[in-house]
S.K.: 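Got a structure here, written out as structure tokens. Questions coming.
Numbers for residues simply follow the sequence, beginning at 1. In each ligand, atom 1 is the first atom listed, and ligand 1 is the first ligand listed. Side chains included, hydrogens not; waters and symmetry mates left out as well; all remaining heavy atoms used.
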Amino acid sequence: MYTATMDALVSLCKRRGFIYQSSEIYNGLQSVWDYGPLGIELKKNIQAYWWKHMVQFNENIVGLDSSIFMHPKVWQASGHVENFVDIMVEDTVTHERYRFDHLTSEQRSSCVSPKGNPLSKPREFNLMFKTSMGSTTEKGHEIYLRPETAQGIYVNFKNVVQTMRLKLPFGIAQVGKAFRNEIVTKNFIFRTCEFEQLEMQYFVHPNEAGQWYEHWKSARLNYYKGLHIAPDNLNFHIHGADQLAHYAQEACDIEYKFPFGFSELEGIHNRGDYDLKRHSEFSGKDLSYTGEDNEKFFPYIIETSSGLTRCLLMVLCESLDEETLQNGEVRSVLRLPPQIAPYSATVLPLQKKDGLADRAKKIFHELQKEHMVYYDQGGAIGRRYRRQDEIGTPLCITVDYESKENNTVTVRDRDSMQQRRIPIPALLDYVRNNKNKDLS
Ligand code: GAP
């Protein structure tokens with residue numbers, strides 16, 4: 001069985017227009033990446049899939065899009081100013097930086113770097129990026145680029161409850177950019193300084209927090225199975241008391257088996273009433289909730305927090321396959337679920353001449369009204385199929401000479417490579433059904 005390597009993935013992403021190094025013509029900016037024409041389609045589709053499963057399919061979860069810049073007090077209340085720190089050390093010869101907790105106990109006790117050089121003294125390093133707004137740069141006026149989207153949800157709690165007339169339990173979901181000045185960034189887009197999160201905060205009665213925490217743990221694991229992730233490649237990592245973030249009462253990670261080992265994909269936290277209480281204290285505005293029988297309390301929050309860009313890396317790792325065909329040729333194929341593939345189909349005229357390209361273009365324009373579709377008329381048909389296999393296009397629609405006779409086309413399935421003839425008027429339904437076939 002083929003297992004994707006990081007080198008194969010990075011090469012595919014660059015070669016086929018998924019991901020480029022940021023500012024590449026200036027030799028790049030470390031740990032920041034740009035999403036190319038195919039990468040943006042894939043990212044948007046993963047985001048839409050998540051939104052569908054969290055907001056559209058749940059009657060009591062609503063969406064929000066809060067700003068990246070927030071009042072500086074937000075980050076004092078959240079505990080990030082005080083607690084969002086890593087302990088950093090530097091190799092005094094190579095000046096490479098390491099997270100202290102990532103070193104072995106021997107390296108820590110002997111103060112020697114993995115390269116064998118003396119280490120600097122450990123120092124605390126806050127992960128938030130600081131900037132200033134307007135003309136003032138005085139201390140105390142700094143603002144931060146948000147390190148998580150969650151706080152935008154907490155500070156809008158009252159607004160959303162009142163405007164949407166929500167009753168517990170309910171959720172607020174948000175997708176957006178987050179920024180962390182990570183000490184160590186490696187493994188391509190796994191840990192970057194600028195990334196995107198898919199976060200949902202579920203507000204519950206304190207007595208029900210335990211049961212909702214368990215509910216979201218299993219719901220989120222099932223969600224990834226729906227994205228065609230093999231169950232063996234997913235794991236729970238339960239946080240021990242010494243690993244809990246400053247806000248968490250209990251927490252776990254869903255981990256994925258990346259080529260570099262099982263690593264965090266999503267965090268699920270029971271945050272207790274920490275956030276609403278702290279924002280009430282720091283803002284002086286009462287963020288409590290009045291339930292049945294006029295019971296007044298701070299709801300507990302169960303948070304599901306996933307990385308969009310990390311999820312994109314996961315689906316690429318999971319989907320990349322190499323297959324040896326009967327003729328000995330090796331086919332590289334990205335077996336993406338049709339729901340999230342950059343293109344739902346590609347239209348290919350067998351030849352440019354004899355009116356085939358005109359017919360193909362007409363089909364392309366028709367399908368384009370509803371789907372992202374690609375059109376490719378250059379080169380040998382076999383090579384054109386391979387290119388689509390490698391970017392994960394589930395269907396290749398070929399217009400050939402028979403199309404002129406009986407108004408049909410061949411539709412080739414990416415995974416089985418089987419071809420069948422479909423009447424042109426039935427194509428739109430066929431592409432739609434193929435895309436939605438495993439929408440649970
Ligand atoms: N609001 C809670 C929170 O932010 P987290 O575990 O720090 O929790 C949640 O982050 C998710 O965000 C992670 O599971 C990961 O998928 C993603 N993430 C965090 N830091 C990241 C980084 N530097 N680069 C890419 N993704 C990151």
S.K.: Check ligand 1 against E199 and write out every atom of the ligand that is under 4.0 Å from a heavy-atom position of the residue.
M.R.: 1 (N), 2 (C), 3 (C), 4 (O)
S.K.: Give the atom numbers and elements of ligand 1 that come within less than 4.0 Å of a heavy atom of E266.
M.R.: 14 (O)
S.K.: Can you find a non-hydrogen atom of R271 under 4.0 Å from ligand 1?
M.R.: yes
S.K.: How does E194 reach ligand 1, by side chain, by backbone, by both or by neither, if only non-hydrogen atoms under 4.0 Å count?
M.R.: neither
S.K.: Exactly one of K43, R146, K44 should register a salt bridge (charged side-chain N to carboxylate O under 4.0 Å, His left out) with E196. Which one does?
M.R.: K43
S.K.: Look at the rings of H80 and F84 and say which category their plane angle falls in: under 30° parallel, 30 to 60° tilted, over 60° perpendicular.
M.R.: perpendicular
S.K.: Would you mind listing which atoms of ligand 1 come within a distance below 4.0 Å of any non-hydrogen atom of G267?
M.R.: 14 (O)
S.K.: Would you mind listing which atoms of ligand 1 come within a distance below 4.0 Å of any non-hydrogen atom of Y247?
M.R.: 2 (C), 8 (O)
S.K.: Does NZ or CZ of R123 come closer than 6.0 Å to the centre of the six-membered ring of F125, within 45° of the ring's axis?
M.R.: no
S.K.: Do me a favour and list the nearest non-hydrogen protein atom to atom 19 (C) of ligand 1 with residue, atom name and distance?
M.R.: R180 NH1, 3.4 Å
S.K.: Compute the shortest N/O to N/O distance between E182 and ligand 1 and return yes if it is under 3.5 Å, no if not.
M.R.: yes
S.K.: If you take all heavy atoms of I61 and A173, which pair is closest and at what distance?
M.R.: CG2-CB, 4.1 Å
S.K.: Return the orientation label for the Y375 and F364 ring planes: parallel under 30°, perpendicular over 60°, tilted otherwise.
M.R.: tilted
S.K.: Classify the angle between the aromatic ring planes of Y223 and H53 as parallel (below 30°), tilted (30 to 60°) or perpendicular (above 60°).
M.R.: perpendicular
S.K.: With a 4.0 Å cut-off on N to O distance, would you call E323 and R335 a salt bridge?
M.R.: yes
S.K.: Under 3.5 Å, N or O to N or O, is S306 touching ligand 1 that way?
M.R.: no
S.K.: So for ligand 1, is G307 a polar contact partner (N or O within less than 3.5 Å, distance only)?
M.R.: yes
S.K.: Could you find the nearest protein heavy atom to atom 16 (O) of ligand 1 and give me its residue, atom name and distance?
M.R.: L265 O, 2.8 Å
S.K.: Less than 3.5 Å between some nitrogen or oxygen of T309 and one of ligand 1, yes or no?
M.R.: no
S.K.: Pull out every atom of ligand 1 sitting under 4.0 Å from any heavy atom of E303, numbered as shown with elements.
M.R.: 1 (N), 2 (C)
S.K.: Give me the nearest non-hydrogen protein atom to atom 9 (C) of ligand 1 as residue plus atom name, then the distance to 0.1 Å.
M.R.: S305 OG, 2.9 Å
S.K.: Counting from 1, what ligand 1 atoms have a heavy atom of F190 closer than 4.0 Å?
M.R.: 24 (N), 25 (C), 26 (N)
S.K.: Write out the residue and atom name of the closest protein heavy atom to atom 6 (O) of ligand 1, then the distance separating them to 0.1 Å.
M.R.: E264 OE2, 2.9 Å
S.K.: Return the orientation label for the F179 and F129 ring planes: parallel under 30°, perpendicular over 60°, tilted otherwise.
M.R.: perpendicular
S.K.: Nearest non-hydrogen contact with atom 10 (O) of ligand 1 belongs to which option: Q197, E148, R146?
M.R.: Q197
S.K.: Between D376 and R383, does any side-chain N to carboxylate O distance fall below 4.0 Å?
M.R.: no
S.K.: So which of E199, E214, E266 actually passes salt bridge (charged side-chain N to carboxylate O under 4.0 Å, His left out) with R220?
M.R.: E266
